[in-house]
Amino acid sequence: MMNKFLTGVAAITLLFAANAASAEEMQGDLKEINAVAQTVTLQSGQTFKLAEGVEIEGLKAGDEVKVSYEESDDGAKIATQIQPVRASE
């Protein structure tokens, strides 16, 4: 009985670890915000598709941001959160 419990706990732990490992972060200056296409592009050229509910209000080109994202099966980077690091002056 205890063995089955430990096996279940191990499986749940692996699921959480796999989800945590798939999230990544990138920091940089915003180059472009495309509200119609729901994308943001950093000065580095990296473009992120915005996940549903990600707020971009108040952000503008030149702002330094930290983007938390996940990579989809087709290689697209999906921003799950965008946080300003400092506002441009």
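Note: hydrogens, waters and symmetry copies are ignored here, and every other heavy atom, side chains too, is used.
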Query raised in the report: Do other residues, nucleotides or ligands put more than 12 heavy atoms under 6.0 Å from the CG atom of D73?
Result: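 Atom CG in D73 is not packed in, count stays at 12 or less.
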[X] side chain to [Y] backbone, donor-acceptor under 3.5 Å:
X   : Y   : result
T80 : S68 : yes
T41 : G45 : no
K66 : G28 : no

Query raised in the report: Does any non-hydrogen side-chain atom of Q27 lie less than 4.5 Å from one of E64?
Result: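 Result yes, sub-4.5 Å side-chain heavy-atom pair found.
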Requested in this report: Would you check if M26 and L42 make a side-chain contact, meaning some heavy-atom pair closer than 4.5 Å?
Outcome: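 When only atoms from C-beta onward are counted, L42 and M26 do touch, with a gap below 4.5 Å.
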Query - Exercise: do T47 and T39 side chains pair donor with acceptor under 3.5 Å - result: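 On atom types as modelled, these side chains do not qualify, holding no pair under 3.5 Å.
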Rounded distance (nearest 0.5 Å) linking atom [atom1] of [X] with atom [atom2] of [Y]:
X   : Y   : atom1 : atom2 : answer
I33 : Q38 : CD1   : CD    : 11.0 Å
E32 : Q43 : CD    : CD    : 10.5 Å
D63 : Q83 : CG    : CD    : 13.5 Å
K77 : L50 : NZ    : CG    : 15.0 Å

Query - Linked, directly or transitively: I56 and Y69 (ILVMFWY side chains, under 4.5 Å) - result: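 Cluster IDs for I56 and Y69 match.
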Query raised in the report: Would a hydrophobic clustering, with Ile, Leu, Val, Met, Phe, Trp and Tyr connected at side-chain separations under 4.5 Å, put V67 with V54?
Result: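 Yes, V67 connects to V54 through the hydrophobic network.
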Query - Worked verdict on V40 versus F48 for side chain to side chain contact (heavy atoms under 4.5 Å, CB included) - result: CA-CA 5 Å; V40 296; F48 300 88; 4.0 Å; yes
Query raised in the report: Would E70 and E24 count as a side chain to side chain contact (heavy atoms under 4.5 Å, CB included) if you check the C-alpha gap in whole Å, the side-chain angles of each, and the deciding distance to 0.1 Å?
Result: CA-CA 6 Å; E70 296 177 357; E24 299 184 46; over 6 Å; no
